[in-house]
Amino acid sequence: MRQRRGAPGYRVTKLPYRVRVYLNNQVLIPANLVRVLGISGLKYAVITVSYNGILITVKGVKLLRTRHTDSRQFTIPREVREAYGIRPGDEIEIIDIKPFRLS
């Protein structure tokens with residue numbers, strides 16, 4: 001087995017997953033969760049989150065990646081942040097992540 005490098009990361013292996021919104025309005029999806037869900041090659045997704053008990057589904061979210069890890073980040077769109085009052089530092093719960101398909 002190949003020796004892993006770097007920080008151990010978050011041990012998240014299932015949804016729902018609670019996470020804080022970063023200052024740049026992005027949200028982290030840890031590498032362990034990305035691997036378990038099999039979304040490593042996904043560029044766009046439909047993400048359902050819960051904020052203050054309200055379910056919010058955002059379609060066509062771009063999953064940003066770094067070069068050396070499987071973790072992903074996505075930016076919560078401005079319209080959604082303004083409509084629901086989501087601010088940096090707030091905690092949201094990721095309920096579901098699905099591939100985005102144009103119909």
Let me have the donor-acceptor pairs involving side chains of residues 83-91, under 3.5 Å, with sequence neighbours excluded, atom names and distances please.
unit_1	atom_1	unit_2	atom_2	d
Asp90	OD2	Tyr51	OH	2.7
Asp90	OD2	Arg87	N	2.9
Glu91	OE1	Arg18	NE	2.8
Glu91	OE1	Arg18	NH2	2.9

query = Nearest heavy-atom pair of Ile92 and Val21: which atoms, and what distance?
reply = CG2-CG2, 4.1 Å
query = Which pairs with one or both residues in residues 36-46 pass salt bridge (charged side-chain N to carboxylate O under 4.0 Å, His left out), sequence neighbours excluded?
reply = none
note = Of all heavy-atom pairs linking Ala45 and Ile97, the shortest is CB-CG2, 4.1 Å
Donor-acceptor under 3.5 Å (Arg72 side chain, Ser40 main chain) = yes
key: Hydrophobic cluster membership, Ile95 vs Phe100, 4.5 Å side-chain cutoff   = no
inquiry  = Checking Tyr22 against Gln73 for the side chain to side chain contact (heavy atoms under 4.5 Å, CB included) test, could you report, in this order, the C-alpha distance in whole Å, the side-chain angles of both residues, the deciding distance, and whether it holds?
reply    = CA-CA 10 Å; Tyr22 290 154; Gln73 288 186 0; 3.5 Å; yes
task = Report yes if the side chains of Val80 and Val49 come closer than 4.5 Å at any heavy-atom pair, otherwise no.
result = no
query = Are the side chains of Tyr17 and Pro30 in touch, meaning some heavy atoms are under 4.5 Å apart?
reply = yes
key: Leu15 to Ile94 - nearest heavy-atom pair and separation   = CD2-O, 3.7 Å
query = Side chains of Asp96 and Ile47: does their closest heavy-atom pair fall under 4.5 Å?
reply = no
query = Do Asn24 and Thr75 have side-chain heavy atoms sitting under 4.5 Å apart?
reply = no
With a 3.5 Å cut-off and sequence neighbours excluded, list the donor-acceptor pairs that the side chains of residues 52-71 form with protein atoms.
unit_1	atom_1	unit_2	atom_2	d
Thr57	OG1	Thr48	OG1	3.3
Thr69	OG1	Ser71	N	3.4
Asp70	OD2	Arg35	NE	2.9

